[in-house]
Amino acid sequence: MKDYIRNSIIAVLNELGYPVKDFVIDEPKDSSFGDLSANIALVISKELKKNPREVAGNILEKLLFDESKISKSDIAGPGFLNFFVSDDFYRNELINILSNENYGKMNKNSGKTANLEWVSANPTGPLHAGHGRQVCLGKAIANLLEWTGFEVTREYYYNDAGNQMNNLAKSIKARYEQIMNPDYPFPEDGYVGEYIKEIAEKIFSDYNDKYRNSDDLGFFKSAGEQENFGKIKATLKSFGIQHDVFFNETSLYKDGNIDKLKTIFKNKNLSYEKDGATWLKMNEKKFDKDKVIVKATGEPTYRLPDMAYHIDKILRGYNLIVDIFGSDHFDTYKEVLYGVQSAGFNTDNIKVIIHQMVTFKKGNESVKMSKRSDNVYYLDDLIKDVGIDATQFFFIMRAANTHLDFDIELAKDQSDKNPVYYLQYAHARICGILRNAEENFSNINSMNVNELDTSLLINQSEINLLKTLSKFPFEVEDSAKSLEPHKLIVFLNSVAESFHKFYHNNRVLDNENPKLSFARLLICNAVKRVLKNGFCIIGINAPERM
RNA sequence: GUGCCCGUAGCUCAGCCGGAUAGAGCGUCAGCCUUCUAAGCUGAAUGUCGGUGGUUCGAAUCCACCCGGGCAUGCCA
């Protein structure tokens, strides 16, 4: 519809000899200004040295619209052109929605591939509540991409060769030794969580004292990795998340990719030796100093494998590569992309989502989640406390780029205070009506779609509801384009609101008016479909009863 | 110190590719259940859009500076 109006306006601009400039067609805040509004007259009036209202008038005079699409257009305010979309257009959209089970899904990007890398927590312990934001964001974003046609690879990258994993191994070993010798020292910066003790106990029960005083840290490392990954994957599974690829750092060494990259930097004269370490030259404008890529010990820092990993993803040929990181990785990702670019690779297809930190409130007490402390609030705990849907919803209801206050009491609340229920309740309510139709109004329920008479849908709450529903595909597209699932939640809220109003004002099932009842029943079906599809994207369930 | 993010109603936040009277939920106050789920609907009150300048016909939105909060600034990842 926007395109239709835009093209009509451009045609008139050419006809009048007016300059064709970029202009905006948007929904006005106030619906009395129509459904869509164009600011073209304001944009070009200065160049024409004419009053914007006069310019608008000249354009409007020449504009011709199909009446089944635009019922009215006028000039308002400083010179906006306002357009009123005809009700018939929205009534026809009802049939459109009903004819397509995947209404909202588009093939705009079909044939294209996308790679989404997220979670990517190293297997040093179970996921904590703070990881949840990334977990849930990624889940929704992957869905969004798929709904616009991308073939999506869900990927998890982890460092299994660095210090953090060595630390894990030492921590497990210490706990294992402590079973036999309580005085055995625990590493100063070791992982203190209970889960370390559990892993140690498991090793002890499987092998007894076989590894006592053993220097085989590799054994403890792989035991820890296996146990922790088991927990991480189980947590992800409770969200219905399954990554297609688990990419580990070690494979980059085996394939020689790390060495290759080192050579590239060396040959391009981008790296140098200092204090026994290898440094990568950084652009002085963007970075305050050069960065170490190989430590004096000979081990690469996390940067080098991260760069090699991104190069690997680029070479796999995706049309879009998306990374999700917490804001604490803001600097690293810039360094990594810089390294990839200076090695000669194009990073234009890489989009990085940075999400801000989350603070949890449980009543008045704020919940800490440091891995180094013993008092950790795990993601599993959060799910247990508030439920899977509330967890998913709360984590993505706000823009990623803003700090999130997660109110556990509110999320846990099984009442109207909880925003999740507002949406789900609309769906459950519709299901109630559909059940009622099936059980008690079979005459209406069994009518055929070609008996639908949309002209009976005349009142405002009906038309408004249809109007809202018809925006769904655009909302999906918009949300996907900016990789911002919270936008879809804002929209779904407007659907639920529109439906609740409709419900309040109109009795759906009524034997006195079977034709009208049937039309309204089909509206209910359409709302149900939009809600269900929307829920599917944002990753929450569509309950039949509540 | 430097870089980035954030600052909008009592609280949590939308809006931010400049546009018409700044929105939602919660909380507060006043109404609505003999009818398909009241986890709902209707109405009321609530604002120096952190501050000061600038650009513009027009700024919550863009620019500069300042203030407040967060994150980063590791040969941890």
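Just so you know, these numbers come straight off a predicted model, no measurement behind them.
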Base-pair map of RNA chain B as dot-bracket, where | denotes pairing with a different strand and pairs are Watson-Crick or G-U under 3.5 Å: (((((((..((((.....[...)))).(((((.......))))).....(((((..]....))))))))))))....
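For Arg303(A) and C75(B), the shortest distance from a side-chain N or O to OP1 or OP2 is not below 4.0 Å. Residue Asn436(A) places none of its side-chain N or O atoms closer than 4.0 Å to OP1 or OP2 of C36(B). Put simply, Tyr302(A) has no side-chain N or O that comes within less than 4.0 Å of OP1 or OP2 on C75(B). Regarding contacts with the backbone of C41(B), every side-chain N or O of Asn505(A) stays at 4.0 angstrom or more from both OP1 and OP2. For U21(B), the OP1/OP2 oxygens have no side-chain nitrogen or oxygen of Lys29(A) closer than 4.0 Å. Within the 4.0 Å cut-off from OP1 or OP2 of U12(B), not a single side-chain nitrogen or oxygen of Lys361(A) is found. The side chain of His486(A) places an N or O atom within less than 4.0 Å of a non-bridging phosphate oxygen (OP1 or OP2) of G15(B). The phosphate of U73(B) has neither OP1 nor OP2 within less than 4.0 Å of any side-chain N or O from Lys334(A). Side-chain nitrogen and oxygen atoms of Tyr422(A) include none within less than 4.0 Å of the OP1 or OP2 phosphate oxygen of A38(B). Residue Lys501(A) places none of its side-chain N or O atoms closer than 4.0 Å to OP1 or OP2 of G40(B).
One N or O on the side chain of Asn39(A) and one on the backbone of Val24(A) form a donor-acceptor pair closer than 3.5 Å. A donor-acceptor pair under 3.5 Å links the side-chain atoms of Tyr156(A) to the main chain of Ala121(A), judged by distance alone. Although no hydrogens or angles enter the test, the distance criterion places no donor-acceptor pair under 3.5 Å between the side chain of Thr148(A) and the main chain of Lys108(A).
One can find a donor-acceptor pair under 3.5 Å joining the base of C76(B) and the side-chain atoms of Gln164(A). In terms of polar N and O atoms assigned as donor or acceptor, the side chain of Asn493(A) never comes within less than 3.5 Å of the base of A14(B) in a complementary pairing. Between the side chain of Ser37(A) and the base of A20(B), a donor-acceptor pair under 3.5 Å is found.
Tyr195(A) approaches Lys231(A) most closely through the heavy-atom pair CB-NZ, 3.6 Å.
Nucleotides G15(B) and C32(B) have their P atoms positioned 37 Å apart, rounded to a whole Å. Nucleotides U12(B) and U56(B) place their C1' atoms 34 Å apart, quoted to the nearest Å. One C1' atom belongs to C6(B), the other to G43(B), and the distance between them is 35 Å to the nearest Å. Between the P atoms of G47(B) and G51(B), the separation comes to 14 Å (whole Å). Comparing the P positions of U61(B) and U55(B) gives a spacing of 15 Å, expressed to the nearest Å. C62(B) and G18(B): their C1' atoms are spaced 7 Å apart (whole Å).
Among the nucleotides A77(B), C5(B), A72(B), the one closest to any side-chain atom of Gln356(A) is C5(B). Closest approach to the Val508(A) side chain among C41(B), U73(B), C36(B) is made by C36(B) (side chain taken as heavy atoms from C-beta onward). Counting only heavy atoms from C-beta on, Arg398(A) has its side chain closest to C13(B) among C13(B), U42(B), A72(B).
Atom CD1 of Ile75(A) and atom P of G19(B) are 21 Å apart (whole Å). At whole-Å resolution of the value, CD in Glu409(A) and P in C26(B) are 18 Å apart. Look at CD on Gln424(A): it is 12 Å from P on G40(B), rounded to the nearest Å. Between the CD1 atom of Ile293(A) and the C1' atom of G74(B) there is a distance of 16 Å, rounded to whole Å.
Between Phe472(A) and Phe491(A), the ring-plane angle classifies as parallel under the 30° and 60° cut-offs. Taking the six-membered ring for Trp and thresholds of 30 and 60 degrees, Tyr309(A) and Phe247(A) have ring planes inclined between 30 and 60 degrees apart.
Nucleic acid contact class of Val490(A) (heavy atoms, under 4.0 Å, all strands): sugar-phosphate only. Counting any heavy atom pair closer than 4.0 Å across all strands shown, His403(A) reaches a base atom. Base contact: Glu544(A) has a heavy atom under 4.0 Å from a base atom. As judged by a 4.0 angstrom heavy-atom cut-off over every strand, Leu404(A) is placed among residues touching the sugar-phosphate backbone only. At the heavy-atom level, Asn82(A) lies under 4.0 Å from base atoms of the strands shown. Nucleic acid contact class of Ala426(A) (heavy atoms, under 4.0 Å, all strands): none. Residue Asn166(A) is out of contact with every strand shown, counting any heavy-atom pair closer than 4.0 Å. Residue contacts for Asn39(A): at a heavy-atom cut-off of 4.0 Å it reaches a base atom on one of the strands shown. Using a 4.0 Å heavy-atom cutoff across all strands shown, Tyr421(A) reaches at least one base atom of the nucleic acid. Contacts of Asp30(A) with the nucleic acid, taken as non-hydrogen atoms under 4.0 Å apart, include base atoms.
Residues Tyr333(A) and Ile354(A) are in side-chain contact: their nearest non-hydrogen atoms beyond the backbone lie under 4.5 Å apart.
Between the side chains of Thr332(A) and Asp306(A), no donor N or O sits under 3.5 Å from an acceptor N or O. Between the side chains of Asn159(A) and Gln164(A), no donor N or O sits under 3.5 Å from an acceptor N or O.
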Distance-only donor-acceptor pairs under 3.5 Å for side chains of residues 390-398 of chain A, two or more places apart:
from: Thr391(A); atom 1: OG1; to: Gly387(A); atom 2: O; distance (Å): 2.6
from: Gln392(A); atom 1: NE2; to: Cys136(A); atom 2: O; distance (Å): 3.2
from: Gln392(A); atom 1: NE2; to: Ile538(A); atom 2: O; distance (Å): 2.8

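Ring-base stacking between Phe80(A) and G19(B) is not satisfied when judged by a centre separation under 5.5 Å and a plane angle under 30°.
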